[in-house]
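What follows is a set of notes on a single structure, which appears directly below.
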Amino acid sequence: KAGVTQTPRYLIKTRGQQVTLSCSPISGHRSVSWYQQTPGQGLQFLFEYFSETQRNKGNFPGRFSGRQFSNSRSEMNVSTLELGDSALYLCASSPTNWGSYEQYFGPGTRLTVT
Amino acid sequence: KQEVTQIPAALSVPEGENLVLNCSFTDSAIYNLQWFRQDPGKGLTSLLLIQSSQREQTSGRLNASLDKSSGRSTLYIAASQPGDSATYLCAVKFETSGSRLTFGEGTQLTVNP
């Protein structure tokens with residue numbers, strides 16, 4: 001079974017631009033969660049999607065948004081990029097959004113904002 | 001507030017030593033706890049998953065224990081090797097948080113040859 005894939009792996013953007021990151025979960029998994037990792041804040045939860053609906057949201061500004069498609073693939077979008085958005089963005093998938101299922105992480109997208 | 005704390009923040013040991021990394025969490029109502037390894041600039045590699053009903057899990061030289069009632073987990077690494085050098089992260093799935101994992105800040109481990 002293929003693992004979680006994320007594209008692109010690396011991205012360089014300029015302040016003020018917007019960016020879209022993609023995550024394809026493990027086949028059969030319907031829950032996708034997104035995390036941001038920065039040296040100062042560690043790993044922080046952005047949001048989670050299950051069955052095309054956002055089920056849970058972390059404490060991030062509205063510039064961060066996401067969506068999930070009927071095939072469970074998910075995208076996250078960051079508008080009006082700021083220097084502080086430079087981070088490793090990780091997505092994780094699991095079969096469902098409740099219970100004790102393990103989370104499987106992708107390799108991440110490294111975003112650099114200049 | 002549900003929090004996860006890891007001690008120590010950094011650890012440097014000579015090759016061959018056995019070592020223990022600690023993780024504590026503030027709410028005992030958890031589904032599970034995962035230990036991850038992260039190499040510099042890379043993603044997360046899952047090491048061990050302990051369900052809330054389990055007391056420990058083992059994989060090779062790694063052993064993780066869980067004491068839910070006291071809100072503690074330990075990761076024991078036997079006979080450490082330079083290749084074990086990485087940051088080790090503890091993540092807890094609380095019962096009231098859906099699929100969200102709450103991560104500790106990590107322990108940066110250096111194993112010296």
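All heavy atoms count here, side chains included; hydrogens, waters and symmetry mates do not. Model, not experiment: these values are computed from the prediction.
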Go through the atoms of [X] and report whether side chain, backbone, both or neither lie under 4.5 Å from a heavy atom of chain B.
X      : result
A:E102 : both
A:F50  : neither
A:L43  : both

More than 12 heavy atoms of other groups within 6.0 Å of B:R61 CZ: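 Above 12, so yes.
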
Residues, nucleotides or ligands: over 12 heavy atoms within 6.0 Å of A:R63 CZ: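 More than 12 heavy atoms, drawn from other residues, nucleotides or ligands, come within 6.0 Å of this atom.
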
According to a hydrophobic-cluster definition based on side-chain heavy atoms being under 4.5 Å apart (Ile, Leu, Val, Met, Phe, Trp, Tyr only), do [X] and [Y] belong together?
X     : Y     : result
A:V19 : A:L83 : yes
B:L49 : B:Y88 : no
A:I26 : A:V32 : no
A:L90 : A:W34 : no
B:L48 : B:Y76 : no

Heavy-atom pair count under 4.5 Å with chain B, highest-scoring of A:Q41, A:Q44, A:R110, A:Q103: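 When all of A:Q41, A:Q44, A:R110, A:Q103 are compared, A:Q103 has the most.
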
Most chain B-contacting option - heavy-atom pairs closer than 4.5 Å, from A:Y35, A:Y101, A:Y104: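 Of the options given, most contacts go to A:Y35.
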
Heavy-atom contact with chain A under 4.5 Å, split by part of B:L89: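 Only the side chain of B:L89 comes within 4.5 Å of chain A.
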
Flag, side chain of A:N56 to backbone of B:S99, donor-acceptor distance under 3.5 Å: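 No.
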
Pick from B:Q34, B:K42, B:R100 with the largest number of heavy-atom pairs that fall under 4.5 Å of chain A: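 Looking at each of B:Q34, B:K42, B:R100 in turn, B:R100 comes out on top.
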
When B:T102, B:L101, B:N32 are compared by non-hydrogen pairs under 4.5 Å with chain A, the top option: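 Ranked by heavy-atom pairs under 4.5 Å with chain A, first place is B:L101.
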
Pair B:F36 and A:F105, ring centroids less than 6.0 Å apart: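 Yes, they do, as the ring centres are separated by less than 6.0 Å.
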
Validation row, ring centre A:F45 to ring centre B:F103 under 6.0 Å: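 No; B:F103 has its ring centre 6.0 Å or more from that of A:F45.
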
